[in-house]
Amino acid sequence: GLPPHWEVRHSNSKNLPYYFNALEKVSRWEPPAGTDTDKLKHYMAAHHSAGTRPGAAPGVPEGKIRAAHLLVKHRESRRPSSWREAEITRTKDEAMEIILAHEQKIQSGAVSLGELALTESDCSSARKRGDLGYFGKGDMQKEFEDAAFALKPGQMSGVVETASGLHLIERLE
Ligand SMILES: N=C(N)NCCC[C@H](NC(=O)[C@@H]1CCC/C1=C/[C@H](COP(=O)(O)O)NC=O)C(N)=O
């Protein structure tokens, strides 16, 4: 049996059981402490399908992550233009000074990456606080992908350079 308020539910997308606490409205893959694992083992044998990633929360698309970024472009960017500035002429060094100042402000806790992205990011995702939605391997430029997949949810990268410009990346999921 399960501790009070916990129930086993079934994730159709993963074809796996997960545990839902109806009181706290939390869901998790691992059984809560105090679960009678014999019944659990029986359930898993009956329902488990190999090859699914139990680590992700229910509902996260397979092999994908979600991240937000703040992009500062410069005159060598592949597209030196943005909603903020029709023609971007700052040098890469100037862009680096700008993004390092943004990094300091975020790390000090004065502002979040998303809030700063709203006004400062040279990417069209600025209006969504830099949120790029879910993406998998092969979607983004390699340097960006490598940095984003190396983060844990909630963590922010250091300055990452791509052909687009200089980025700060926060992994959301
Ligand atoms: N799948 C999703 N959500 N969208 C497709 C993204 C395509 C991808 N884009 C990037 O890699 C740059 C770096 C990381 C984010 C990003 C955003 C760029 C940056 O601005 P730009 O250099 O394009 O002017 N703006 C939009 O694409 C690419 N393979 O070129």
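Counting starts at 1 for both ligands and their atoms, in listed order. Just the heavy atoms: all of them, side chains too, but no hydrogens, waters or symmetry mates, feed the values below. Position 1 is the first residue of the sequence, and the numbers go up from there.
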Item to check | Residues Asn15 and His10: side-chain donor-acceptor under 3.5 angstrom | outcome: yes
Considering the heavy atoms of [X], write down every atom of ligand 1 situated less than 4.0 Å from one of them.
X	value
Leu71	19 (C), 20 (O)
Arg79	24 (O)
Leu132	3 (N), 15 (C)
Asp139	7 (C), 8 (C), 28 (C), 29 (N)

Checklist outcome for this item: Rounded to the nearest 0.5 angstrom, the CD-CG distance for Glu120 and Leu168 is 12.0 Å
Checklist outcome for this item: Between the CZ atom in Phe135 and the CD1 atom in Ile65, the distance rounded to the nearest 0.5 Å is 4.0 Å
Checklist entry - Do any nitrogen or oxygen atoms of Ser164 lie less than 3.5 angstrom from nitrogen or oxygen atoms of ligand 1? => result yes
Next on the checklist: Regarding ligand 1, does His69 bring an N or O atom to under 3.5 Å of one of the ligand's N or O atoms?
Outcome noted: no
Checklist entry - Hey, are the side chains of Pro32 and Asn21 touching, using non-hydrogen atoms and a 4.5 Å cut-off? => result no
Item to check | Side-chain heavy-atom pair Val26, Phe20 within 4.5 angstrom cut-off | outcome: no
Checklist entry - Can you check side chain to side chain contact (heavy atoms under 4.5 Å, CB included) on Lys92 and His74, steps first, answer last? => result CA-CA 5 Å; Lys92 194 195 291 190; His74 49 75; 3.7 Å; yes
Checklist entry - Which residue owns the protein heavy atom closest to atom 17 (C) of ligand 1, what's the atom, and how far is it? => result Cys123 SG, 4.0 Å
Next on the checklist: Suppose we measure from atom 12 (C) of ligand 1 to each protein heavy atom; which comes out shortest, and what is that distance?
Outcome noted: Gln141 NE2, 3.3 Å
Next on the checklist: Looking at Glu173 and Lys64, is any side-chain nitrogen of the basic one under 4.0 Å from a carboxylate oxygen of the acidic one?
Outcome noted: no
Checklist outcome for this item: salt bridge (charged side-chain N to carboxylate O under 4.0 Å, His left out) test vs Glu85 passes for just one of Lys73, Arg90, Arg75, namely Arg90
Checklist entry - Which of these, Lys73, Glu143, His167, has its nearest heavy atom closest to atom 24 (O) of ligand 1? => result Lys73
Checklist entry - Who gets closest to atom 30 (O) of ligand 1 by heavy atom: Arg78, Lys142, Met140? => result Arg78
Checklist entry - Does the protein place any heavy atom closer than 4.0 Å to atom 5 (C) of ligand 1? => result no
Checklist entry - Is at least one protein non-hydrogen atom found at under 4.0 angstrom from atom 26 (C) of ligand 1? => result no
Checklist entry - Passes side chain to side chain donor-acceptor pair (under 3.5 Å), His167 versus Ser157? Steps please. => result CA-CA 9 Å; His167 310 253; Ser157 71; over 6 Å; no
Next on the checklist: Would Phe144 count as a contact residue for ligand 1, given that I'm defining contact as a non-hydrogen atom of the residue lying under 4.0 Å from a ligand atom?
Outcome noted: yes
